[in-house]
Amino acid sequence: MNVAYTVKEVREQVKAWKKEGLSVGLVPTMGYLHEGHASLMKKAVEENDRVVASVFVNPTQFGPTEDLESYPRDFDKDCALCESIGVNLVFHPEPEEMYAPDFCTWVDMDVLSKTLCGKSRPIHFRGVCTVVSKLFNIVTPDRAYFGQKDAQQLAIIRRMVRDLNMDIEIVGCPIVREEDGLAKSSRNTYLNEEERAAALILSKAVFLGQKMVADGETDTAVIKKAMIEKVESEPLAKIDYVEIVDGLSMQPVDKIEGSILAAMAVYIGKTRLIDNFLIE
Ligand code: AMP
C-alpha cells in the first residue's frame, strides 16, 4: 500500500492504473477509522481493481465553534486498517495542499443542504461538496463510497453528481452499529462512560420508529412524536432535530410513502451525534 501526501502523487498513480485499464474506487474519510469506514473500503475493494482512501479532516466543513481542532486523529492506525483491507493508496494531504491561501471557489447547493443538519451547520455541506468535488477531480474514480450513516450527505452527493454531470457511480453503504445499537462514529470517542450509555437513546429512537413503520403506522407526525419522546426520556440528551423527510428532497412529509428518511441529531453532553433510518 502506498501513501500520498500531494495531489501530484495521486494523479501519477491513478494515471498509471488507468493506462492499464484498471477501475478505481474512492472512499473519502476524515480518518480515525472504524468498522463503518472499513465496510465502505471492503465494498470498494470488492468492486474495483484499485482503491484510494482519503484521510483528510476537511477544515471547510467545520463551523467556527465546532470540533476541528479536537477531531480525533490516528494516521498510523488508519493506515494499518486500510492495508489490512486491501486499499492500494491512502491520500493524506495537509490542508495547505488542498486549499491555496487565496482559495475562493465553492461547490454549494440549494434546498437539500438547508434542512436537517444544514440548519445548525450552515456552511457544512458547502465544505463537503467542495472537498468531495476536489477529491473526485484529483482521483477521477469510477465509483465512490459513502455511508448511509450520513444520510443527508449521501443524498447531497448523489444530487451534486447528477446536477454537475460527474461521471462517477455513487455507492451508498448501510450503517454499521456497535453491538448495543449505537451507530459507529469517530466522535463516539468524545463520550465518557455515562454519556456512552446515554447515547444509546439515538438508536433506541431509530429502532422504535422503524418498528412503528413496520407495524403499519403511516402518519409521520405520530412517529416523530414517539421518537422525540423516546429521546427526551434520556436526561443527558438534547435534541437538535428529529425529522421525517422525503429521501430525495430532504423536505418534511406527512405520510410514509415512497423513499423516506427519518433522521435525528442529538447532543449527548457536548457531543453532537446523528442517526437515521431509511424507508424505501
Ligand atoms: P467520516 O470519516 O466521518 O467523514 O466518514 C467517512 C465515510 O464513512 C462517510 O461516507 C460516512 O457516512 C461513512 N461512515 C461513518 N460512520 C459509518 C457507519 N457507522 N456506518 C457506515 N458508514 C459510516
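Indexing begins at 1, ligand by ligand and atom by atom, following the structure's order.
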Within the heavy-atom cut-off of under 4.0 Å, ligand 1 is lined by Pro28, Thr29, Met30, His34, Gly36, His37, Leu40, Tyr71, Phe146, Gly147, Lys149, Asp150, Gln153, Pro174, Ile175, Val176, Lys184
What class does the angle between the rings of His37 and His34 fall in, given that below 30° is parallel, 30 to 60° is tilted and above 60° is perpendicular? tilted
Take the angle between the ring planes of Phe136 and Phe146 and call it parallel below 30°, perpendicular above 60°, tilted in between.
perpendicular
Scan side-chain atoms only and decide if [X] and [Y] contain a donor-acceptor pair under the 3.5 Å cut-off.
{"X": "Tyr71", "Y": "Asn58", "value": "no"}
{"X": "Asp142", "Y": "Ser23", "value": "no"}
{"X": "Lys18", "Y": "Thr140", "value": "yes"}

Could you check whether any side-chain N or O of Arg143 sits under 3.5 Å from a backbone N or O of Val171, counting only pairs where one atom can act as donor and the other as acceptor? no
